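These notes concern the structure reproduced below.
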2 protein chains.
Amino acid sequence: MKQNVNKPTLQDVARKAGVSTATVSRCLNFPDQVAGRTQEKVNNAVRELGYSPDFGAKAMAARRTNTIGAIIPTMANALFARGLQAFQEELQLHGFTTLVASTSYSSETEEQQIRSLVARGADGLLLIGHERDPEIYRFLETQGVPVLISWVYDTAATRPSVGFDNAAAMKEIANEVISLGHRQIALISAELEFNDRATARLHGIQDAMSEAGLDASNLQVVETYYGIDEGAVAFDELMKTAKPPTAVLCGNDVLAVGALRRARELDIKVPEQVSIIGFDDLDLARATFPALTTVLVPHREMGKQAAIALASKVKDDAPIQSYELKTKLVFRDTLGPVL
Amino acid sequence: MKQNVNKPTLQDVARKAGVSTATVSRCLNFPDQVAGRTQEKVNNAVRELGYSPDFGAKAMAARRTNTIGAIIPTMANALFARGLQAFQEELQLHGFTTLVASTSYSSETEEQQIRSLVARGADGLLLIGHERDPEIYRFLETQGVPVLISWVYDTAATRPSVGFDNAAAMKEIANEVISLGHRQIALISAELEFNDRATARLHGIQDAMSEAGLDASNLQVVETYYGIDEGAVAFDELMKTAKPPTAVLCGNDVLAVGALRRARELDIKVPEQVSIIGFDDLDLARATFPALTTVLVPHREMGKQAAIALASKVKDDAPIQSYELKTKLVFRDTLGPVL
DNA sequence: TTGACTAATGTAAGCGCTTACATATACATG
DNA sequence: CATGTATATGTAAGCGCTTACATTAGTCAA
């Protein structure tokens, strides 16, 4: 290992400034409790030594970190990245630092990350979706770390959450699709296991279809990873089946963009021959040609509300209030009637 | 505050298992130094108590965190996000955890983040680009934290770096543009201040132009933020000038996608009336219509090499070896000759 | 000047771990 | 069996901070 240089400590600063360590600590944390002249001496010493407090020591002594952890599936998904950005910004206003980790959609990795963030002293945790090993929830409870679930809002769930109703949102757009005459429908979904958002969206479509009297066999589902190429491949697959769909719903805009690209490559006209629908409403959705019909997810607002809820829980131990956000259909140019 | 629950400590585990704290510690960190029967007792106690080690205490006692910090401008930029992903994966192989922070391109925020990561005990730091307040470099030196600069490779720089030559890459594509007859050229760039990558790319174009005998007045530069909409607005602006460019180079693919979108909205044919060139080669670049001509940046390889360099520096105190990665022109459908 | 405050500073006890060192136990050797 | 060696565990001293409590300095009314 290294450790060639010895980082200056509070002690060093105290010695240099000719005061006690307690005074230095106060000067740094509660300046108004310290006389002006003393502050100056201390600040000079801090500057000259290039002192920087040790977070670990501080956390241990103060028994508090003012840190909130957030674990999302992937940074690659712009929607998570942006929602988290808003979460972070709001928390900063409340005096919290955010520690971010991602799981690549692996529940195993998620568990590790949860443990790691708890070990690092997170005062609270933001998690995406409800579905995970009950043991983890037990662990968090024994550690006394409050958790807020986001990206979903499920009245049936016992834990508080800030998010939207994935099933209802998907059902709404599915209804539109069906009312335009589509009967042969497909869903390009993220992996369904350990992903209650994806599962809920699937259920939304199934619901809409069964209410419209359509048989389950009219729905084809392909699961894949997040990515444009993945969407393209999935679309390909669907078009090669015996009864190719006339409408392809996608679990997110990125998959939809991939599908759209492949449609163009296959010379399939959208929406004349097949409709393609996204989910999320990224900037991207307006930039494709034709522009993507999709479902707007208010990600920034979601991040912000999650931050507010979690901050008040951690600070004042106020019970977390669940909060439902509304999605909105955005009609652009990739959804059309069956011709 | 809260603290209703008392997290179990090493002490608690030791008591429950009927051994000393030292044994518990060893059992957790160096299991092969501990007898099998003892391991069992300890592991049971750990499980029953839901024990999780306190990172801060551990770091303080061990004087090592096995944590590497990485500070990037923004997660919103997929290229950073992906490069970082590779960085992280590689570091994990070497036994390091990565702590990520982003700055929103603010040098002030960056300074905070650097201090925060150092405080959190980062054994090393990854930073993007060379350009920052010298005081920060001094601070890092007094703290004994090794730094690796990435995303740039500049032979003139004193600090080691793992990246590519931004100026050369941009010059290369600019040469192509010029050789296709373009004389009136524009650059939609990220903000140039405190951004040596963006500045270098600008210089690359200027170089190419002056070598081709073009006057500086033939180049229009508009600085903007990262985003599709921002690219669209910038493109708009350029088209409204007295001498609109016939080729628009963009600092990244996202800006280019925005420009492309606005071109379509304005009914300007690409590449017949104006050529649009991106930078980065995101998946996105293949998904637009027409597909984007751009410059491939080997972001994953960059992240990986950066991780290797930094890990060996931190572990063995080996001097960091600079490493140059090569970019590659990717010709698709948005660059054409002047008609 | 004094006493009664308040304001500023100091003292020292931990926070939860790791690890050098000391000790105990087990086993092989002569 | 005594002895030496290896293996397993225990003891206790910090790591760099915060903070309750004790002490001292400063201020002001009487």
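Order of the sequence lines fixes the chain letters, A, B, ..., with proteins taken first and strands second; residue numbering starts at 1 for each chain. This one's a predicted model, so the numbers in the text were calculated from it and none came from an experiment.
- Remark: Phe55(A) engages no residue in a ring-ring contact (aromatic ring centres under 6.0 Å, His included) (not counting sequence neighbours).
- A residue-by-residue look at Arg26(B) and Met60(B) shows that Met60(B) has its nearest nucleotide of DNA chain C further toward the 5' end.
- Contact annotation for Ala35(B): backbone-only contact, meaning every heavy-atom pair under 4.0 Å involves sugar-phosphate atoms and none involves a base.
- Within the 4.0 angstrom heavy-atom criterion, base atoms lie near Ser25(B).
- With a 4.5 Å cut-off on side-chain heavy atoms, Cys27(A) and Asn43(A) count as touching.
- When each of Asp32(B) and Val24(A) is assigned the nucleotide of DNA chain D bearing its nearest heavy atom, the one mapping closer to the 5' terminus is Asp32(B).
- For Phe139(A), the CZ atom sits in a packed shell: over 12 heavy atoms of surrounding residues, nucleotides or ligands are nearer than 6.0 Å.
- Nucleotides of DNA chain D lying under 4.0 Å from heavy atoms of chain B occupy a range whose first and last members, 5' to 3', are dA8(D) to dG16(D).
- For Thr23(A), no side-chain nitrogen or oxygen approaches OP1 or OP2 of dT9(C) to under 4.0 Å.
- Across all strands, Tyr51(A) comes closer than 4.0 Å only to sugar-phosphate atoms, never to a base (heavy-atom distances).
- Using a 4.0 Å cut-off between a side-chain N of Lys or Arg and a carboxylate O of Asp or Glu, Glu135(A) and Arg47(B) do not qualify as a salt bridge.
- Shown here is Lys304(A), whose NZ atom has no more than 12 heavy atoms of other residues, nucleotides or ligands within 6.0 Å.
- Other residues, nucleotides and ligands contribute at most 12 non-hydrogen atoms within 6.0 Å of the CD atom of Glu193(A).
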